Amino acid sequence: MIRVLLVDDDAIVRAGLSLMLGGAPDIELVGQAADGAEVPALVAELRPDLVLMDIRMPGVDGLAATEALRARPGAPEVLVLTTFHTDAHVLRALRAGAAGFLLKDTPPPEIVTAIRTVAAGDPVLSPAVTRRLMAQVAGGSGQDTRAATARARLELLAGREREVALAVGRGLSNAEIARELHLALPTVKTHVSRILTRLDLNNRVQIALLVHDATAADRP
């Protein structure tokens, strides 16, 4: 069972999501919260595998809650809920370690699929959303400093690890990387795990963002 903690200040949204998740045989909604301030205690008590996190809440918002949660060892995965067109802070959530995000109008079957995907260790980012996020990265302030820092961190990788990191940055799955680099799938998974450890990153999304920052100057 995938244990889920739902965090959203809108009681109607929580009720709808609770009803929807209740129909999934492999998902258990173990708790709910209306504010990010409640998250640390609930995570410690309920030990969810995944937190479904709203961004905009009146007290501690989902961004601050995600940053605090993912900084702790053994933290559950975080899947962010947002209205992308009006919320410019999704990138901050991803840099903090969220494994992806969902639009609030996502069809219920896709929400369930996304929860299963993130719980299995894979990020949830559609190609269209990824392009918009990368555009925000490219146009953001401090790009030069961020690029220099990212390049320095990538220099910590050598050989296959660097090749795998660059492939992750292009959005390739483990299976696609294995085919392209002529590696066994378990070997790719081992490289990804070592990259995360060596660079002190939380997930593949952060690898992709780091690669994007490091190679920004090489793109037209």
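The first residue of the sequence shown is numbered 1, and numbering continues consecutively from there. Quick caveat, the model's predicted, so the values are computed rather than measured.
Distance check, rounded to the nearest 0.5 Å: CG of Leu69 to CE of Met53 gives 6.0 Å. Atoms CZ and CG, from Arg179 and Leu185 in turn, are 9.5 Å apart once rounded to the nearest 0.5 Å. To the nearest 0.5 angstrom, Glu161 atom CD is 6.5 Å from Arg194 atom CZ. One distance of note links CD of Glu176 with CG of Leu181; it measures 11.5 Å at 0.5 Å rounding. Atom CG of Asp8 and atom CZ of Arg56 lie 12.5 Å apart (nearest 0.5 Å). Note: Ile27 CD1 to Leu52 CG = 9.5 Å, rounded to the nearest 0.5 Å.
Side-chain contact between Leu199 and Leu157 is present, with at least one heavy-atom pair separated by less than 4.5 Å. Leu50 has its side chain out of reach of Val78: every pair of non-hydrogen atoms, C-beta onward, lies at least 4.5 Å apart. Residues Val51 and Glu77 form no side-chain contact, since every pair of their non-hydrogen atoms from C-beta on lies 4.5 Å or further apart. Put simply, the side chain of Val168 does not reach to within 4.5 Å of the side chain of Val211, judged on heavy atoms. Between Leu209 and Ile207, every side-chain heavy-atom pair lies at or beyond the 4.5 Å cut-off. Within the 4.5 Å cutoff, the side chain of Pro76 has no heavy atoms near those of the Leu5 side chain. A heavy-atom distance below 4.5 Å is found between the side chains of Arg153 and Leu201. Here the side chains of Val30 and Val4 are not in contact, with every heavy-atom distance at 4.5 Å or above.
Under the 4.5 Å side-chain heavy-atom criterion for grouping Ile, Leu, Val, Met, Phe, Trp and Tyr, Met1 is not connected to Leu29 through any hydrophobic cluster. Leu19 and Leu102 end up in different hydrophobic clusters when Ile, Leu, Val, Met, Phe, Trp and Tyr side chains are linked at under 4.5 Å.
What you find for Gly36 and Met57 is that their closest heavy atoms are N-CE, 3.8 Å. Shown here for Asp61 and Ile55, the closest heavy-atom pair between the two residues is CB-O, 3.1 Å. The shortest non-hydrogen separation linking Glu67 to Ala96 is CG-CB, 3.3 Å. Nearest heavy atom pair, residue Ala165 against residue Ile195, reads N-CD1, 3.7 Å. Residues Ala99 and Val205 approach most closely at O-CG2, 3.9 Å, considering heavy atoms. Listed here is the closest heavy atom pair of Arg160 and His191: CB-NE2, 3.5 Å.
A donor-acceptor contact under 3.5 angstrom links the side chains of Arg204 and Asn174, judged on distance only.
Of the possible donor and acceptor atoms, none in the side chain of Arg14 sits under 3.5 Å from a partner among the backbone N and O of Ala34. Panel note: side chain Thr66, backbone Gly62; a donor-acceptor pair is recorded below 3.5 Å. Using a distance-only test at 3.5 Å, with no hydrogens or angles considered, no donor-acceptor pair links the side chain of Thr187 to the main chain of Leu183. Remark: side-chain polar atoms of Asn203 are paired, donor with acceptor, to backbone N or O of Ala98 under 3.5 angstrom. Side-chain N or O atoms of Arg116 include none that pairs as donor or acceptor with a backbone N or O of Ile2 at under 3.5 Å. Asp35 contributes a side-chain N or O that, together with a main-chain N or O of Val60, makes up a donor-acceptor pair within less than 3.5 Å.
Around CG of Asp26, the count of heavy atoms belonging to other residues, nucleotides or ligands within 6.0 Å exceeds 12.
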(Q) Run Leu17 and Leu81 through side-chain contact (heavy atoms from CB on, under 4.5 Å) and show every step you take. (A) CA-CA 11 Å; Leu17 288 170; Leu81 289 167; 3.9 Å; yes

(Q) Test side-chain contact (heavy atoms from CB on, under 4.5 Å) on Val13 and Leu6; report intermediate values, then the result. (A) CA-CA 10 Å; Val13 171; Leu6 172 60; 5.9 Å; no

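Between Glu180 and Arg170 a salt bridge is recorded (basic side-chain N to carboxylate O distance below 4.0 Å). Ion pairing between Asp54 and Lys104 holds under the 4.0 Å rule for side-chain N and carboxylate O.
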